[in-house]
Trainee: 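Take this structure first; my questions come after.
Side chains are part of it too, since the values below use all heavy atoms of this structure and drop only hydrogens, waters and symmetry mates.
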Amino acid sequence: MSDHDHAQGPGAAGPVTAEDLAEGVRLVVALLRRTEALGADWGRPAGSLEWSCWETAEHLADDLFSYAAQLGPQTPPAATHVPFVWRREAPGKPANVIFAEREGGPEGMLQVLEACGALHVAMVRTASPQDRAFHVFGTTDPEGSAAMGLVELFAHAQDLALGLGLDWQAPAEICTRVLTRLFPEAPTDTDPWPTLLWATGRGDLPGRQRRTRWQWDSTPRP
């Protein structure tokens with residue numbers, strides 16, 4: 001049975017859930033806690049990104065924190081993010097609210113990542129379906145927020161795996177639900193993980209042009 005066949009089987013259809021997001025956090029943290037990852041040079045570039053592995057992991061933690069925070073206000077801002085102070089450590093570096101202490105090393109970084117992931121999971125789990133969260137790609141609902149967090153987790157896990165010399169593949173069934181929710185234009189007759197990499201500009205699919213620009217459709221669903 002191929003990954004795609006498995007993805008189309010029982011459990012593949014349906015909404016993205018807080019449990020999917022929790023599993024994504026668990027898998028990515030476990031990947032980065034491998035002995036070979038903890039002993040690698042986190043100053044190396046993360047895949048095709050200009051950021052280092054450390055900066056990419058920090059950015060991922062910041063994404064999860066920010067997605068959690070956007071679900072927090074009872075009356076969320078309609079045109080911009082909740083106004084935390086964002087800063088860049090240097091030109092070309094990611095703009096973050098969240099930074100990890102360098103002295104903590106990779107294990108400390110993973111504690112920051114895991115904590116931010118737990119915040120996002122908790123907010124998705126407790127939010128009302130009517131709650132809304134701003135994003136530059138479009139205001140979304142809790143399910144969309146969970147799917148967005150999974151795209152960040154899985155895509156940046158790929159970047160980090162390339163930078164740290166790891167093997168990584170996201171679970172097909174969760175990828176299928178994320179693609180259905182955020183990338184309705186994506187093909188459905190290809191394996192879900194390569195399709196998600198293609199949708200985020202990180203991979204090729206036969207017969208389709210590689211994406212140099214991309215964004216998801218985070219519009220709330222009925």
Trainee: ring-ring contact (aromatic ring centres under 6.0 Å, His included) with His59: which of Trp51, Phe65, Phe99?
Mentor: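 Exactly one pass, corresponding to Trp51.
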Trainee: Please verify the inter-ring angle class for His135 with Trp216; under 30° counts as parallel, over 60° as perpendicular, anything in between as tilted.
Mentor: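 His135 vs Trp216 ring planes: tilted.
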Trainee: Flag this pair as yes if the NZ/CZ of Arg210 is under 6.0 angstrom from the six-membered ring centre of Trp198 and inside a 45 degree cone about the axis; otherwise no.
Mentor: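 No, Arg210 and Trp198 do not form such a contact.
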Trainee: I want to check something: taking the side chain as every heavy atom from C-beta on, are Val112 and Ile98 in contact at a cut-off of under 4.5 Å?
Mentor: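 SC-SC contact between Val112 and Ile98 confirmed.
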Trainee: In this structure, would Leu150 and Phe137 fall into the same cluster of hydrophobic residues linked by side-chain contacts under 4.5 Å?
Mentor: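 In one cluster with Leu150: Phe137, yes.
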Trainee: Looking only at heavy atoms, what is the nearest atom pair of Ala57 and Trp42, with distance?
Mentor: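 Taking every non-hydrogen atom into account, CB-CZ3, 3.9 Å.
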Trainee: State the CG-CD distance between Asp62 and Glu58, to the nearest 0.5 angstrom.
Mentor: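 CD of Glu58 is found 8.5 Å from CG of Asp62.
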Trainee: Could you check whether any side-chain N or O of Arg132 sits under 3.5 Å from a backbone N or O of Pro129, counting only pairs where one atom can act as donor and the other as acceptor?
Mentor: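 The answer is yes, because a donor-acceptor pair under 3.5 Å joins these two groups.
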Trainee: Is a donor on one side and an acceptor on the other found under 3.5 Å between the side chain of Thr140 and the backbone of Ser218?
Mentor: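 Side chain of Thr140 to backbone of Ser218: a pair is present.
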Trainee: Indicate yes or no for a side-chain donor-acceptor contact from Arg102 to the backbone of Ala100 under 3.5 Å, with no hydrogens or angles considered.
Mentor: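 Side chain of Arg102 to backbone of Ala100, a donor-acceptor pair under 3.5 Å: no, none is there.
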Trainee: Check the pair Val29 / Leu113 against side-chain contact (heavy atoms from CB on, under 4.5 Å), numbers first and verdict last.
Mentor: CA-CA 8 Å; Val29 170; Leu113 175 59; 4.3 Å; yes
Trainee: Give a yes or no on whether Glu50 atom CD has more than 12 heavy-atom contacts from other residues, nucleotides or ligands under 6.0 Å away.
Mentor: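 Result for CD/Glu50: open.
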Trainee: Please find the pair of heavy atoms, one from Gly43 and one from Ser52, that lie closest to each other, and give the distance.
Mentor: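 Heavy-atom minimum between the residues: O-CB, 3.6 Å.
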Trainee: For Gln209, I'd like to know if atom CD has over 12 heavy atoms of other residues, nucleotides or ligands within 6.0 Å.
Mentor: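 No.
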Trainee: I need the minimum non-hydrogen distance between Val25 and Gly117, along with the two atoms involved.
Mentor: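 Looking at all heavy atoms of both residues, the shortest contact is CG2-CA, 3.9 Å.
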Trainee: Checking Asp217 side chain against Thr219 main chain: does a donor-acceptor pair fall under 3.5 Å?
Mentor: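 Yes.
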Trainee: Does the pair Arg181/Asp141 count as a salt bridge with the N-to-O cut at 4.0 Å?
Mentor: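 Judged by the 4.0 Å cut-off on N to carboxylate O distance, Arg181 and Asp141 do form a salt bridge.
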Trainee: Locate the shortest heavy-atom distance separating Ala155 from Thr200; write the atom from each residue and the value.
Mentor: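 Closest heavy-atom pair between Ala155 and Thr200: CB-OG1, 4.3 Å.
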Trainee: Under 3.5 Å, side chain of Arg177 to main-chain N/O of Val16, donor-acceptor pair present?
Mentor: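 No, the answer is negative, given that no donor and acceptor are paired below the 3.5 Å cut-off.
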Trainee: Nearest 0.5 Å, what's the CZ-CG distance between Arg34 and Leu166?
Mentor: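 The distance works out to 6.0 Å.
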Trainee: Is Pro73 close to Val82 at the side-chain level, that is, under 4.5 Å between some pair of heavy atoms?
Mentor: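 With C-beta onward as the side chain, the pair touches.
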Trainee: Hydrogens and angles aside, do Thr190 and Thr195 bring a side-chain donor and acceptor to less than 3.5 Å of each other?
Mentor: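 Side-chain D/A pair, Thr190 to Thr195: present.
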Trainee: Do Leu162 and Trp168 come close enough that some side-chain heavy atom pair is under 4.5 Å?
Mentor: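 Counting from C-beta outward, Leu162 and Trp168 never come under 4.5 Å.
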Trainee: Compare all side-chain heavy atoms of Leu64 with those of Leu153 and state whether any distance is below 4.5 angstrom.
Mentor: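 Counting from C-beta outward, Leu64 and Leu153 do come under 4.5 Å.
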Trainee: Set out, in order, the CA-CA distance, both residues' side-chain angles and the distance that settles side-chain contact (heavy atoms from CB on, under 4.5 Å) for Glu107 and Leu38, then state yes or no.
Mentor: CA-CA 7 Å; Glu107 180 56 43; Leu38 294 176; 4.3 Å; yes
Trainee: Can you find a pair of side-chain heavy atoms, one from Leu197 and one from Asp204, that are under 4.5 Å apart?
Mentor: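 Contact flag for Leu197/Asp204 side chains = no.
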Trainee: Measure the CD-CZ distance between Glu55 and Arg88 for me, rounded to the nearest 0.5 Å.
Mentor: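 Interatomic distance, Glu55 CD to Arg88 CZ, rounded to 0.5 Å: 11.5 Å.
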Trainee: Quick one: do Glu185 and Arg208 satisfy salt bridge (charged side-chain N to carboxylate O under 4.0 Å, His left out)? Show the steps, please.
Mentor: CA-CA 12 Å; Glu185 78 288 357; Arg208 292 183 177 266; over 6 Å; no
Trainee: For residues Asn96 and Trp86, determine if any side-chain heavy atom of one lies less than 4.5 Å from a side-chain heavy atom of the other.
Mentor: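 Heavy-atom side-chain distance check fails, nothing below 4.5 Å.
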Trainee: To the nearest 0.5 angstrom, please state how far the CG atom of Leu119 sits from the CG atom of Leu71.
Mentor: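 Taking CG in Leu119 and CG in Leu71, the distance rounds to 11.5 Å.
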Trainee: Is the number of heavy atoms from other residues, nucleotides or ligands within 6.0 Å of CD (Glu101) greater than 12?
Mentor: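 No, because the 6.0 Å sphere around CD of Glu101 holds 12 heavy atoms or fewer from other groups.
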Trainee: Less than 4.5 Å apart, any side-chain heavy atom of Ser66 and any of His81?
Mentor: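 No, their side chains stay 4.5 Å or more apart.
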Trainee: Identify whether NZ of Lys or CZ of Arg in Arg202 sits under 6.0 Å from the centre of the six-membered ring of Phe154 and within 45° of that ring's axis.
Mentor: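 No, Arg202 does not sit over the ring of Phe154.
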Trainee: Got a second to check how far Tyr67's OH is from Met123's CE, nearest 0.5 Å?
Mentor: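 Those atoms lie 15.0 Å apart.
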Trainee: Do His156 and Asp159 pass the side chain to side chain donor-acceptor pair (under 3.5 Å) test, and can you show the C-alpha distance, the side-chain angles, and the key distance before you say yes or no?
Mentor: CA-CA 5 Å; His156 287 313; Asp159 301 328; 2.9 Å; yes
Trainee: If you apply the rule side-chain contact (heavy atoms from CB on, under 4.5 Å), what do you find for Asp131 with Ser128, and how did you get there?
Mentor: CA-CA 5 Å; Asp131 289 343; Ser128 162; 3.8 Å; yes
Trainee: Compare every heavy atom of Ala18 with every heavy atom of Val121, then report the nearest pair and how far apart it is.
Mentor: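 Taking every non-hydrogen atom into account, CG1-O, 4.0 Å.
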Trainee: Does any non-hydrogen side-chain atom of Glu114 lie less than 4.5 Å from one of Met109?
Mentor: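 They are not in contact (no side-chain heavy atoms under 4.5 Å apart), so the answer is no.
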Trainee: Could you check whether the rings of Phe183 and Trp214 sit parallel, tilted or perpendicular, using 30° and 60° as the cut-offs?
Mentor: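 Tilted.
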Trainee: Could you check Leu32 against Leu164 for side-chain contact (heavy atoms from CB on, under 4.5 Å), going step by step and ending with a plain yes or no?
Mentor: CA-CA 9 Å; Leu32 299 176; Leu164 299 172; 3.9 Å; yes
Trainee: Mind checking the CD1-CG spacing from Ile174 to Leu179? Nearest 0.5 Å is all I need.
Mentor: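 So the gap between those two atoms works out to 12.0 Å.
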Trainee: What is the minimum heavy-atom distance between Ala146 and Thr17, and which atoms define it?
Mentor: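 That closest heavy-atom pairing would be CB-O, 4.2 Å.
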